Amino acid sequence: MSYYSESKDELPPLGALTLDYTDDIHRPPGDVIMSISYDFPVIQQQVTNATLVNVVKSEQFDDDYINCYVEACNKLEEKGCIGIVTSCGFLAQIQDKIASKINIPIATSSLLQIPYVLATTSSKNMIGVLTFDSNMLNKNHFNGVGVTDEMMKRIIVVGCKPNNPLQRIIKFGDPYIAKDLEEELVQMAVELVKENPSVKAIVLECTNMPPYSKAIQEKVGLPVYNGITMVNWFYSGLKCKTLPKDENFEAGYRK
């Protein structure tokens, strides 16, 4: 089994851009920006003016606002980060715009995995995307991470409802009750698959959804991809793991 030879504290850190309400929400293991979710350290950096209304929106960001993210990225690079992730899947729309302005790699959204997930299943199949707000998630976000109009024909998007736990936690500061959040997300996935039997994989957009991936998978029996799966893949390229010693190397000498 491959492994990181250094201890967690010795590994180079990953940077995480955070929003202005990050500290107001309970973030359990499995939350994308929390160091406890990984075998490597994560350093957080809050972005100026990164409010909910400024981030979860359908319109494209203007250049001045994008520069707020670039400045935060530069601060993380100065702190020794070897790559950067973000705390909201809606930042997919500025993936290329940020990447072109900074010196280290960045992965803005779990939606980056969509082209890969589509490629791993038959072209006859669909994939589902569970999102914080389906009214706001649109072509700007999908195109931002390389999801073409043709790919969009194979994607079904389902969003959280305004009066259900996730939106109320983030918008109104309701208590974070894990079992209620799990029930909401599992039910969303169950209804998605029941109504669309051709869905053969699920991608979770929101940073707060990964802790419930296993519960979703156990209920619907499908591959589930999220911010954690994206970040683990991303970091594994930034810092390669060590492989076990080949104890049988002499077998390679034979012709």
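Keep in mind it's a predicted model, so treat the numbers as computed, not measured.
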S.K.: For residues 183-210, which residue pairs pass the salt bridge (Lys or Arg N to Asp or Glu O under 4.0 Å) check, not counting sequence neighbours?
M.R.: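 Residue pairs passing salt bridge (Lys or Arg N to Asp or Glu O under 4.0 Å), neighbours aside: none found.
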S.K.: With a 4.5 Å limit on heavy-atom distance, are the side chains of Val47 and Leu19 in contact?
M.R.: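 When only atoms from C-beta onward are counted, Leu19 and Val47 do not touch, as no gap falls below 4.5 Å.
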S.K.: Can you pull the ring-ring contact (aromatic ring centres under 6.0 Å, His included) pairs that have at least one residue in residues 117-163, sequence neighbours excluded?
M.R.: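 Applying ring-ring contact (aromatic ring centres under 6.0 Å, His included) to every pair that reaches into residues 117-163, excluding sequence neighbours, yields Phe90-His141.
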S.K.: For residues 114-124, which side-chain donor-acceptor pairs fall under 3.5 Å, sequence neighbours excluded?
M.R.:
residue, atom, partner, partner atom, Å
Thr120, OG1, Val117, O, 2.7
Thr121, OG1, Asn125, ND2, 2.7
Ser122, OG, Lys124, N, 3.1

S.K.: Hey, does Ile169 have a side-chain heavy atom less than 4.5 Å from the side chain of Asn208?
M.R.: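 They are not in side-chain contact.
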S.K.: What are the two closest heavy atoms between Asp39 and Lys8, and how far apart are they?
M.R.: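 Closest approach of Asp39 to Lys8: O-CG, 3.6 Å.
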S.K.: Considering only residues two or more places apart or on different chains, which pairs with a residue in residues 209-234 satisfy salt bridge (Lys or Arg N to Asp or Glu O under 4.0 Å)?
M.R.: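 Salt bridge (Lys or Arg N to Asp or Glu O under 4.0 Å) check on residues 209-234 returns Lys214-Glu218.
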S.K.: Ser109 side chain to Leu112 main-chain N or O, any donor-acceptor pair under 3.5 Å?
M.R.: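 Judged by distance alone, no pair lies under 3.5 Å.
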S.K.: Does Lys79 have any side chain to side chain donor-acceptor pair (under 3.5 Å) partners at least two apart in sequence or in another chain, and if so, which?
M.R.: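 Lys79: side chain to side chain donor-acceptor pair (under 3.5 Å) contacts with Gln45.
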S.K.: Around atom NZ of Lys161, are there more than 12 heavy atoms from other residues, nucleotides or ligands closer than 6.0 Å?
M.R.: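 Not more than 12 within 6.0 Å, no.
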S.K.: Are Lys153 and Met126 packed together at the side-chain level, in the sense that at least one heavy-atom pair is separated by less than 4.5 angstrom?
M.R.: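 They are not in side-chain contact.
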S.K.: How would you list, by chain and number, every residue that makes a side chain to side chain donor-acceptor pair (under 3.5 Å) with Gln113, sequence neighbours excluded?
M.R.: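 Thr229.
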S.K.: Could you measure the distance from the CD1 atom of Ile84 to the CD1 atom of Ile102? Nearest 0.5 Å is fine.
M.R.: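 One gets 4.5 Å once the value is rounded to the nearest 0.5 Å.
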S.K.: Closer than 3.5 angstrom, by distance alone: can the side chain of Ser134 be matched with the main-chain N or O of Val158 as a donor-acceptor pair?
M.R.: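 Absent.
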S.K.: Does the side chain of Met188 come within less than 4.5 Å of Cys160's, by heavy atoms?
M.R.: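 The answer is yes, as the side chains (C-beta and beyond) meet within the 4.5 Å cut-off.
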S.K.: If a pair satisfies salt bridge (Lys or Arg N to Asp or Glu O under 4.0 Å) and one of its residues is in residues 44-69, list it, with sequence neighbours excluded.
M.R.: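 Non-adjacent pairs meeting salt bridge (Lys or Arg N to Asp or Glu O under 4.0 Å): zero.
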S.K.: Side chains of Ile98 and Leu91: closer than 4.5 Å at any heavy-atom pair?
M.R.: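 Ile98 vs Leu91: side chains apart.
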S.K.: Ignoring hydrogens, what is the shortest heavy-atom contact between Ser110 and Leu204? Give both atom names and the distance.
M.R.: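 The answer is OG-O, 2.6 Å.
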S.K.: Suppose we screen for ring pair (Phe, Tyr, Trp, His ring centres under 6.0 Å). Which residues come up paired with Phe61, at least two apart in sequence or across chains?
M.R.: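 Only Tyr65 meet the ring pair (Phe, Tyr, Trp, His ring centres under 6.0 Å) criterion with Phe61.
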S.K.: Between Thr51 (side chain) and Asn54 (backbone), is there a donor-acceptor pair under 3.5 Å?
M.R.: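 Side chain of Thr51 to backbone of Asn54: a pair is present.
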S.K.: Enter the distance from Ile33:CD1 to Ser87:OG here, rounded to the nearest 0.5 Å.
M.R.: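 The distance works out to 5.0 Å.
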S.K.: Which atom pair, heavy atoms only, marks the closest approach of Ile66 to Lys97?
M.R.: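 That would be CD1-CD, 3.5 Å.
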S.K.: Starting from Phe249, walk the hydrophobic network (Ile, Leu, Val, Met, Phe, Trp, Tyr; side-chain heavy atoms closer than 4.5 Å) and list everyone else you reach, by chain and number.
M.R.: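 Direct or chained contacts put Phe249 with Tyr253.
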S.K.: Is there a side-chain contact between Val56 and Leu137, using heavy atoms and a 4.5 Å cut-off?
M.R.: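 Sidechains of Leu137 and Val56: no contact.
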S.K.: How about Gln93 and Asn140: does a side-chain donor come under 3.5 Å of a side-chain acceptor?
M.R.: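 No, no side-chain donor-acceptor contact under 3.5 Å.
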S.K.: Please check if the side chain of Asn143 supplies one atom and the backbone of Val147 the other of a donor-acceptor pair under 3.5 Å.
M.R.: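 A pair under 3.5 Å: yes.
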S.K.: If a pair satisfies salt bridge (Lys or Arg N to Asp or Glu O under 4.0 Å) and one of its residues is in residues 242-255, list it, with sequence neighbours excluded.
M.R.: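 Passing the test, one end in residues 242-255: no pairs.
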S.K.: Quick one: does Met209's side chain get under 4.5 Å of Leu166's, heavy atoms only?
M.R.: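 Result yes, sub-4.5 Å side-chain heavy-atom pair found.
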S.K.: Quick check: closest heavy atoms across Ile104 and Cys81, and the distance to 0.1 Å?
M.R.: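 Nearest heavy atoms, Ile104 then Cys81: CD1-O, 3.5 Å.
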S.K.: With ILVMFWY side chains joined below 4.5 Å, transitively, what does Val85's cluster contain besides itself?
M.R.: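 Val85 clusters with Tyr4, Leu11, Leu14, Val32, Tyr38, Phe40, Val42, Ile82, Ile228, Met230, Val231, Trp233, Phe234, Tyr235, Leu238.
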S.K.: Strictly by ring-ring contact (aromatic ring centres under 6.0 Å, His included), give each pair with a member in residues 150-189 just once, sequence neighbours left out.
M.R.: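 Qualifying pairs: His26-Tyr176.
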S.K.: For Leu17 and Thr108: C-alpha separation, side-chain torsions, deciding distance, then whether side-chain contact (heavy atoms from CB on, under 4.5 Å) applies.
M.R.: CA-CA 9 Å; Leu17 302 179; Thr108 57; over 6 Å; no
S.K.: Determine whether Asn226 and Tyr212 satisfy the following criterion, side-chain contact (heavy atoms from CB on, under 4.5 Å), listing intermediate values before the conclusion.
M.R.: CA-CA 10 Å; Asn226 56 47; Tyr212 309 101; over 6 Å; no
S.K.: If you look at every heavy atom in Leu111 and Gly89, which pair is closest and at what distance?
M.R.: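 Smallest heavy-atom distance, with atoms named: CD1-O, 4.1 Å.
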S.K.: Under the 3.5 angstrom rule, does the side chain of Asn196 hit a backbone N or O of Ser198 as a donor-acceptor pair?
M.R.: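 No, Asn196 side chain to Ser198 backbone: no donor-acceptor pair under 3.5 Å.
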S.K.: Quick check: closest heavy atoms across Ser37 and Gly30, and the distance to 0.1 Å?
M.R.: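 Scanning both residues completely, I find the closest heavy atoms to be OG-N, 2.8 Å.
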